[in-house]
Amino acid sequence: MPGASLAARYQPASPANEIGGDWYDAITLPDGTLVLDIGDVAGHDLGAATVMGQMRSMLRALAWNKGCDCTPAAVLTMLDDAAEGLDAGSFTTVVHTHLRRRPDGTWRMTWSNAGHPPPLLIPARESPFLDGSGEDPPLGVSPTSSGPPTRTASPPATPSCSTPTGSSRPPAPPSTPGSGALLRAAALHRDEDLPELLRLLQDLSDHRDDTAMIAFRAEPAG
């Protein structure tokens, strides 16, 4: 991806059962918009993996078909409607993200969160933080809902700005002390290569559940 680097990591809760409901995805739209997804379908078996594949494929198709002018929130609302109408979905959490590079080389990030742990934003020098405000309903819970809102951020275009867009089960919810360990580790290891950064963050998990992470790092403008 010109102007950025990406990495992803998945680890099942049990080495003997390497399937589950977690997924990540990255696609580039025709106009150059980068789409990142991270999601989790309830369950840890073949049934969950099957539903996960359907949800992932539908989300990818909707994002491609609707293009960059359709907000992340609108895409997730359509995914919820399609999953209900086709009886293809179940309790699902997901973060759907658009990243667009500006003419000056900086990036604009917009995303919508349906019940998933919030994105972890790691500025180049300032303190990392979990960007979540309120609880958005997961998909498959309230089909008549207007859907989660779209949020916006501008990651600084520096080599050490990393933005893991989520994990299916972080070490602890943002409101608990466990999130402090996550933020401290992110600050300490922010300059690591992305694959190593994700490994170090994933090691904080107690591994009682599958974990999946996807990360984006902006390169210096110019």
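The model shown is predicted, which means the values in this text are computed figures rather than measured ones.
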[X] (side chain) donor-acceptor with [Y] (main chain) under 3.5 angstrom:
| X | Y | result |
| --- | --- | --- |
| Arg190 | Pro123 | yes |
| Asp31 | Thr33 | yes |
| Asn113 | His116 | yes |
| Arg101 | Trp107 | no |
| Asp40 | Trp23 | no |

Under 4.5 Å between side-chain heavy atoms, counting indirect links through other Ile/Leu/Val/Met/Phe/Trp/Tyr residues: same cluster for [X] and [Y] or not?
| X | Y | result |
| --- | --- | --- |
| Leu121 | Leu34 | yes |
| Leu188 | Leu197 | no |
| Leu130 | Leu204 | yes |
| Met109 | Tyr24 | yes |

Could you measure the distance from the [atom1] atom of [X] to the [atom2] atom of [Y]? Nearest 0.5 Å is fine.
| X | Y | atom1 | atom2 | result |
| --- | --- | --- | --- | --- |
| Leu59 | Asp80 | CG | CG | 11.5 Å |
| Met1 | Glu219 | CE | CD | 10.5 Å |
| Glu196 | His189 | CD | NE2 | 8.0 Å |
| Arg184 | Ser179 | CZ | OG | 8.5 Å |

Taking side chain as C-beta onward, heavy atoms only, is [X] less than 4.5 Å from [Y]?
| X | Y | result |
| --- | --- | --- |
| Leu139 | Met55 | yes |
| Arg199 | Arg9 | yes |
| Leu76 | Val94 | yes |
| Leu86 | Met58 | yes |
| Leu6 | Leu194 | no |
| Asp22 | Ile38 | no |

Looking only at non-hydrogen atoms, find the nearest pair between [X] and [Y] and report the distance.
| X | Y | value |
| --- | --- | --- |
| Ala4 | Phe216 | CB-CE1, 3.2 Å |
| Ala212 | Gln202 | N-NE2, 4.5 Å |
| Trp64 | Thr28 | CZ3-O, 3.2 Å |
| Leu29 | Gly67 | CD1-C, 3.8 Å |
| Pro138 | Thr93 | CB-CG2, 4.0 Å |
| Asp37 | Thr97 | OD1-N, 4.2 Å |

Could you walk me through whether Leu36 and Leu99 satisfy the side chain to side chain contact (heavy atoms under 4.5 Å, CB included) test, starting with their C-alpha distance in whole Å, then the side-chain angles of each, then the deciding distance to 0.1 Å, before giving a yes or no?
CA-CA 8 Å; Leu36 300 182; Leu99 282 148; 3.7 Å; yes

Quick one: side-chain contact (heavy atoms from CB on, under 4.5 Å) partners of Leu62, sequence neighbours excluded?
Val75, Met78, Leu79

Could I get the full list of side-chain contact (heavy atoms from CB on, under 4.5 Å) partners for Ala49, not counting sequence neighbours?
Ile19

Taking everything shown except Asp87 itself, do over 12 heavy atoms lie less than 6.0 Å from its CG?
no

Is the number of heavy atoms from other residues, nucleotides or ligands under 6.0 Å of Glu126 CD greater than 12?
no

With sequence neighbours excluded, tell me which residues meet salt bridge (charged side-chain N to carboxylate O under 4.0 Å, His left out) with Arg60.
Asp25

